[in-house]
Amino acid sequence: MTSKPTAAHHAFCEHHPQARVSIESLSSAEIRHRLAEFELDAAMTYLDDDTRGGGLRRLPLYEERYVLLTPVDGPLATAATARWAQAAAIPLCLLGPRMRNRRIIDECFAADGATAAPAIESDSVAGLYAHLPGGRWSSVISHAWLHMFGVPDGMRVLPLEGPAHGPRVGLVTGPDEPPSVLAAALLTVARAADVRQALDEFLRT
């Protein structure tokens, strides 16, 4: 089973403590191919056109919202919110352009007439977070990452002005019928977890 850790993933492990879970970070193309070849039980990804067709099952979980993690003593120290153009003007650490998330936020920068030129790029969220403590760089992240990784010391969270909701994120499983035992169990847990509400409540706090 491949996915990013979520409330649904943690609940799955609690309900099925004997299950062995392997988590990988893959491109959209790799996800489609490996699901079609029955090499994955499930994946967590963006539910855009790349996941349509091919017999793949899709379960929406939440819509991404974007926030800026920035130093408490940085250029936006007193701001209540930030524009995308303001975020583009400060030193950034972002995911690399191969990642779907980066391409989405680049579109958001462009919509505000800006282009991000990050000082550091990473192919993983963990890599981004490793560079944030210390107060030198900021990063644009999905609100779901706050639930998983928290706010690093010396950083603050600023909502980014723009669309209230970004693209949908959800679970995708392969074309096998019936689905694999692991996939069916994960889908059952995910439906009961109400990930959208859990993330919205976390963001409000």
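Nearest heavy-atom pair, A79 versus L158, reported as atom, atom and distance to 0.1 Å: O-CD2, 3.1 Å. Counting all heavy atoms, side chain and backbone alike, R57 lies closest to G174 at NH1-O, 2.7 Å. Here the closest heavy-atom approach between residue L92 and residue A88 is recorded as CD1-CA, 4.1 Å. Between A144 and Y62 the shortest heavy-atom distance is CB-OH, 3.4 Å. Residues S138 and L132 share a closest heavy-atom pair of C-CD2, 4.0 Å. For the residue pair A114 and A85, the shortest heavy atom distance occurs at CB-CA, 3.7 Å.
Side-chain atoms of Q86 come within 3.5 Å of backbone N or O of R83 as a donor-acceptor pair. Using a distance-only test at 3.5 Å, with no hydrogens or angles considered, a donor-acceptor pair links the side chain of R156 to the main chain of L76. The backbone N or O of S124 sits less than 3.5 Å from a side-chain atom of S122, completing a donor-acceptor pair. Not a single donor-acceptor pair under 3.5 Å links the side chain of S139 to the backbone N or O of L94. W84 places a side-chain N or O within 3.5 Å of a backbone atom of E161 that can act as its donor or acceptor partner.
The distance from the OG1 atom of T173 to the CG atom of L59 is 8.5 Å, given to the nearest 0.5 Å. Atoms CG and CZ, on L40 and R32 in that order, are 12.5 Å from each other to the nearest 0.5 Å. The CG atom of L47 lies 5.5 Å from the CZ atom of R168; values are rounded to the nearest 0.5 Å. Taking CE of M99 as the start and CD of E121 as the end, the distance is 11.5 Å to the nearest 0.5 Å. Annotation: the span from Y46 atom OH to R103 atom CZ amounts to 9.5 Å, rounded to 0.5 Å.
Put simply, the side chain of W137 does not reach to within 4.5 Å of the side chain of L128, judged on heavy atoms. In this structure, the side chains of H143 and L199 come closer than 4.5 Å at one or more pairs of heavy atoms. Within the 4.5 Å cutoff, the side chain of L56 has heavy atoms near those of the V172 side chain. With a 4.5 Å cut-off on side-chain heavy atoms, V169 and T45 do not count as touching. Between L171 and L186 the shortest side-chain heavy-atom distance falls below 4.5 Å. Between L160 and C108 there is no side-chain heavy-atom pair separated by less than 4.5 Å. Using a 4.5 Å heavy-atom threshold, the side chains of L35 and H33 count as separate. Side-chain contact check for I90 versus L68: some heavy-atom pair is nearer than 4.5 Å.
Checking E64 against Y66 by side-chain atom types alone, a donor-acceptor pair falls below 3.5 Å.
Other residues, nucleotides and ligands contribute at most 12 non-hydrogen atoms within 6.0 Å of the CZ atom of R136.
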Derivation of the side-chain contact (heavy atoms from CB on, under 4.5 Å) call for V157 and I141: CA-CA 10 Å; V157 178; I141 67 167; over 6 Å; no
Does V125 form a side-chain contact (heavy atoms from CB on, under 4.5 Å) with F149? I'd like the steps, not just the answer. CA-CA 9 Å; V125 179; F149 295 96; 3.4 Å; yes
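Taking hydrophobic clusters as Ile, Leu, Val, Met, Phe, Trp and Tyr residues chained together by side-chain heavy-atom distances below 4.5 Å, V151 does not share a cluster with V72. The hydrophobic cluster containing V181 does not contain V189, counting ILVMFWY residues as joined when their side-chain heavy atoms lie under 4.5 angstrom apart, directly or transitively.
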